[in-house]
Number of protein chains: 2
Amino acid sequence: MQKTSYGQQSTRRILLVDDHSLLRAGMRALLDDMAGIAVIGESGDGLEALEFIRRDPPDAVLLDVSLPGMNGLEVARYLSQHYPDVRILILSMHSGAEYVARALNAGAQGYLLKDSAFDELAEALKALFAGREYLCAAIDRDVVERFLATGSDAISAAEVLTPRQRQILQLIAEGRGPREIADRLNVSVKTVEAHRAQLMDRLGIHNVPGLVRFAIRIGLVNTES
Amino acid sequence: MQKTSYGQQSTRRILLVDDHSLLRAGMRALLDDMAGIAVIGESGDGLEALEFIRRDPPDAVLLDVSLPGMNGLEVARYLSQHYPDVRILILSMHSGAEYVARALNAGAQGYLLKDSAFDELAEALKALFAGREYLCAAIDRDVVERFLATGSDAISAAEVLTPRQRQILQLIAEGRGPREIADRLNVSVKTVEAHRAQLMDRLGIHNVPGLVRFAIRIGLVNTES
DNA sequence: ATGAGGTATCGGGGATTCCCCGATATTAAA
DNA sequence: TTTAATATCGGGGAATCCCCGATACCTCAT
């Protein structure tokens, strides 16, 4: 750290990056009412945001994940590489551990959900400017830790699962019940249930429909099948 | 329900419905700065929104499409049926003609994209209160007209279901159990099970994962949700 | 080599859900 | 007015979900 003086400071300069102009306007209205915060610009596009930062580096960037051209995670990766002093607060709709882990891996210091409480936004900014990380309260840190530990990076959200667990997951998503799965794999129903419980823990998903949606997302099954 | 009298009026009372609390806060901040507009409430849930409206009908509802429990289009359908004086402004991320057509069919008078310009929000509200329709500038009216004329067919797979059945299906696909669904709809668990059984018969799908895949296919829920 | 940790295999047991049966009230259609 | 469809419930048994704990194996590091 060099001049990273995160002590008390006049005003923190923030850049808004989100592809929804209305949402940007809303966030700007919120932040403008916050003491010690100044929104110095906004962008609806990742590349444009990078240009802006090159011209005039802000203290923090409020970054949406889904952006046209260059998505938020790529932007974060670039920033943490070339502008390590710029704090990165990710704004996402997804609470899944794999998303959070990916964001942190990309260099974000904070992760907020779009349906976080307003107070959390202020909280997150305060934490970031104090040099701390901030994860939205609705997120299970332990599960995220496990994702980070295994170094899951790309699409490999499913990489954290063992082959056996993936197999069970697929069978569940295909609509097979525990009885049928047990017979097919020549194991006890109890074993199948144990696998299901373990992979649920690991993914942070605790109901069958959630598993099905996850399995579809990672391409383990499709909606026809 | 009183007269429509969309002439000159003191303040227009608006209800915000969106499942992202931060976005609601932002929109509220924006609308609060608008002359003649008062946000009288917000909700992150379709059913909750309906309750609110029953207690205290607003002049307009700013409605997100994707909502947990009961999605925005169903809410719009209900409102246009039972509260025709309540103006409906849809807020969506999708600019596709089929989405717009569906919204208009459901009874919306306005359709805004989340990346619309801020001015369009004011414009849309003004139009609605003047009794006119408003479509976001980025939308091709002609294409939408064509969809409306031909009576789009892609959705017809779900048309075989009753509104109640679609609602139950959505809740199931979101991962809510019978107990939770029953509580939310103020009916018996047995009723929920009956609906599930009936819609399963009708679709020829006899397991929950299959229902989830179907719900995703017809766009009732998505893999993130 | 010994112990720690992850994986795969089971069981008990209670709460919940699933899935069959039937019943009633209301409404829409024939 | 009969018929059909819809929405609402209940009984009851089978299957499941979900918590607990246990054992065996394998790897890896101390």
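Letters go in sequence order (proteins before strands), and every chain restarts at 1.
- With sequence neighbours excluded, the residues forming a side chain to side chain donor-acceptor pair (under 3.5 Å) with A/Ser92 are A/Tyr111, listed by chain and number.
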Please tabulate, one pair per line, all N/O donor-acceptor pairs under 3.5 Å involving side-chain atoms of residues 124-140 of chain B, not counting sequence neighbours.
residue	atom	partner	partner atom	Å
B/Tyr134	OH	B/Glu120	OE2	3.0
B/Asp140	OD1	B/Asp142	N	3.0
B/Asp140	OD1	B/Val143	N	3.4

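- Within the 4.0 Å cut-off from OP1 or OP2 of C/dG6, not a single side-chain nitrogen or oxygen of A/Arg202 is found.
- Against DNA chain D, the stretch residues 70-78 of chain B makes no heavy-atom approach under 4.0 Å.
- The closest side-chain heavy-atom distance from A/Ile168 to A/Leu161 is not below 4.5 Å.
- Taking atom CZ of residue A/Arg164 and atom C1' of nucleotide C/dA8, one finds them 8 Å apart after rounding to whole Å.
- Residues meeting the salt bridge (charged side-chain N to carboxylate O under 4.0 Å, His left out) test with B/Asp32, sequence neighbours left out: none.
- At C/dA8, one or more side-chain N or O atoms of A/Thr162 fall inside 4.0 Å of OP1 or OP2 (strictly under the cut-off).
- The side chain to side chain donor-acceptor pair (under 3.5 Å) test applied to B/Arg202 returns no partner, not counting sequence neighbours.
- A/Leu199 has its CG atom 13 Å from the C1' atom of C/dT7, to the nearest Å.
- For the pair A/Ile205 CD1 and D/dC17 P, the computed distance is 15 Å after rounding to whole Å.
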Check residues 16-26 of chain B and write down every donor-acceptor pair under 3.5 Å in which the side-chain atom is one partner and the other belongs to a residue at least two apart or another chain.
residue	atom	partner	partner atom	Å
B/Asp18	OD1	B/His20	N	2.7
B/Ser21	OG	A/Ser116	O	2.8
B/Arg24	NE	B/Glu42	OE1	2.6
B/Arg24	NH1	B/Asp18	O	2.5

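- End-to-end axis angle of the helix from C/dG3-D/dC28 to C/dA30-D/dT1, using five pairs per end and rounding to 10°, comes to 40°.
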Kindly list each side-chain donor-acceptor pair under 3.5 angstrom involving residues 73-81 of chain B, sequence neighbours excluded, with atom names and distances?
residue	atom	partner	partner atom	Å
B/Glu74	OE2	B/Arg166	NE	3.2
B/Ser80	OG	B/Ala76	O	3.1
B/Ser80	OG	B/Arg77	O	3.0
B/Ser80	OG	B/Ala106	O	3.3

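- In terms of the side chain to side chain donor-acceptor pair (under 3.5 Å) criterion, residue partners of B/Asp56 (sequence neighbours excluded) are, by chain and number, B/Arg13.
- Following rounding to the nearest Å, A/Gln165 (CD) and C/dT9 (C1') show an atom-to-atom distance of 13 Å.
- Residues passing the side chain to side chain donor-acceptor pair (under 3.5 Å) test with B/Arg196: none are found, sequence neighbours excluded.
- Between the side chain of A/Arg87 and the backbone N or O of A/Pro84, at least one donor-acceptor pair lies under 3.5 Å.
- For residues 43-52 of chain B, every residue pair satisfying the side chain to side chain donor-acceptor pair (under 3.5 Å) rule, not counting sequence neighbours, is listed here: B/Ser43-B/Glu48, B/Asp45-B/Arg184.
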Original post:
Which letter, B, S or -, goes with each nucleotide of nucleotides 10-25 of chain C from 5' to 3', with contact meaning a protein heavy atom under 4.0 Å?
Top reply: BBBB---SBB------

